[in-house]
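All ligand and atom numbering here is 1-based and tracks the order in the structure. Predicted model only: the values in this text are computed from it and were never measured. What's counted below: heavy atoms across the whole structure, side chains too, no hydrogens, waters or symmetry copies.
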Amino acid sequence: MSDGRILVIVPTYNELENLPRKVPLILEQDERIDVLVVDDASPDGTGALADEIAEHQARVHVLHRGGKEGLGPAYLAGFRWGLERTYELLFEMDADISHPPDALPTLIAAARDHDVVVGSRYVGGRINVLNWPMSRLFISVFGSWYARTVTRMPIRDATGGFNGWRREVLEAVGLERVRSNGYAFQIELKFLAWRKGFRLVEIPILFTERDTGESKMSKKIVREAVWRVWWLKVRDLFGRL
Ligand SMILES: Nc1nc2c(ncn2[C@@H]2O[C@H](COP(=O)(O)OP(=O)(O)O)[C@@H](O)[C@H]2O)c(=O)[nH]1
Ligand SMILES: [Mg+2]
């Protein structure tokens, strides 16, 4: 990363309370940062609130989509929006409090000599998660182990959603081939970058469960991740990446 512009993409679905808290915290981390909110027509009016924030803050942009299509398609739309402009580093980040904005400067600095910076809950010999029930923690830790074992990708937090991508990575992986929708989306994108030979690094972050609003995690999202890693592996074996 040189002095290039940075885009932090925040997908939203019913995040009325979280969004206005989160956006200023992101912007204050670095003056090169712009925020793009990608809202899937949230019934609670998050999209309209995002427009209002953008009206008062030139560094905030909003992409409205027709309906809830999942995290993957929302991020793909956000990445395309950023790549059409001059952003050099593009981040994914939840609208809730779970991904700490004050980790951004460390992640941005790490992107100077890496292509993908992964905000990771599971490096440094610790599990850095606060306020998750054991069941959720188990799914996440087991899921990361499972993804790592099946794909052989040396990333401990494969499903994590707080990641920064240098523009060249997103241009090289071929976003049009990305199919995953939920957590599998995070695994797929990291896997593609890794297989293309890009340099990934995990930086420890402390993940705190949201204090307001609802998680969109579902059994369907977990089921998708379970079969997708095999789909990735097979596609790779047949040289179709
Ligand atoms: N645009 C859009 N955002 C979504 C969708 N599903 C989840 N999100 C957002 O993606 C982020 C992560 O989802 P979240 O429910 O926090 O999942 P969790 O952190 O795994 O519990 C949050 O900012 C959500 O509002 C979706 O279908 N479309
Ligand atoms: Mg979340």
For ligand 1, which atoms, with element, lie under 4.0 Å from some heavy atom of Glu15?
22 (C), 23 (O), 24 (C), 25 (O)

Looking only at atom types and distance, does a side-chain atom of Glu209 sit under 3.5 Å from a main-chain N or O of Asn131, one as donor and one as acceptor?
no

Which option wins on minimum heavy-atom distance to atom 12 (C) of ligand 1: Asp94, Asn18, Val38?
Asp94

Can you tell me how the ring of Trp81 sits relative to the ring of Tyr87, calling it parallel under 30°, perpendicular over 60° and tilted otherwise?
parallel

Can you tell me if Arg136 has a non-hydrogen atom under 4.0 Å from ligand 1?
yes

Under 2.8 Å from the Mg ion (ligand 2), is there an N/O/S atom belonging to Asp96?
yes

Between the side chains of Glu188 and Trp231, does any donor sit under 3.5 Å from an acceptor?
no

What class does the angle between the rings of Phe162 and Phe91 fall in, given that below 30° is parallel, 30 to 60° is tilted and above 60° is perpendicular?
tilted

Under the ring-ring contact (aromatic ring centres under 6.0 Å, His included) criterion, do Trp132 and Phe207 qualify, and how do the steps go?
CA-CA 9 Å; Trp132 255 6; Phe207 180 104; 4.9 Å; yes

Check: of Arg210, Lys68, Gln186, Arg65, min heavy-atom distance to atom 14 (P) of ligand 1 comes from Arg210

What N/O/S atom of Asp94 gets nearest to the Mg ion (ligand 2)?
OD2

Give the single entry among Thr12, Asp40, Asp39 that approaches atom 3 (N) of ligand 1 most closely by any heavy atom.
Thr12

